[in-house]
Amino acid sequence: ASHGLTPNFQRFADECLVYDNAFTTSPLCTPSRYSLLTGRYASNATSIMARWPWRMVGFNAFLTGNEKTLAHHLTEAGYETGL
């Protein structure tokens, strides 16, 4: 199906998986990326949990190096990633 993309992006979409319906765990970019990379809610981020009981999610949901990310799981499955 055509998504109205440039020719290169359209070819990429034709050859890959396209999400036509997606949801986010947060309206802010940093916690959303955290959730996408780790599969966890940003409110459970190590950087947030250290500030309990004031677990307010903002731009403070960052990776500390202790969380396994999507890239770690893909690498363990034999894929090469650029993440």
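Computation of the quantities below employed the complete heavy-atom set of this structure, encompassing side-chain atoms and omitting hydrogens, waters and symmetry-equivalent molecules. As the structure is a computational prediction, the values presented were derived from the model and not from experiment. Residue indices begin at 1 and follow the sequence shown.
- Atom-to-atom distance recorded for His73:NE2 and Leu70:CG is 7.5 Å, nearest 0.5 angstrom.
- Judged by distance alone, with hydrogens and angles left aside, the side-chain atoms of Ser35 form a donor-acceptor pair with the main-chain N or O of Arg40 at under 3.5 Å.
- For Glu80, the CD atom sits in a loose shell: 12 or fewer heavy atoms of surrounding residues, nucleotides or ligands are nearer than 6.0 Å.
- In this structure, NE2 in His72 is found 9.5 Å from CD in Glu67, a value given to the nearest 0.5 Å.
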Does the pair Thr38 and Thr69 meet the rule for a side-chain hydrogen bond (donor to acceptor under 3.5 Å, both in side chains), with working shown? CA-CA 5 Å; Thr38 65; Thr69 65; over 6 Å; no

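- We find the OG-CG distance between Ser32 and Leu37 to be 11.0 Å, quoted to the nearest 0.5 Å.
- With Thr25 contributing its side chain and Tyr41 its backbone, the two residues share no donor-acceptor pair below 3.5 Å.
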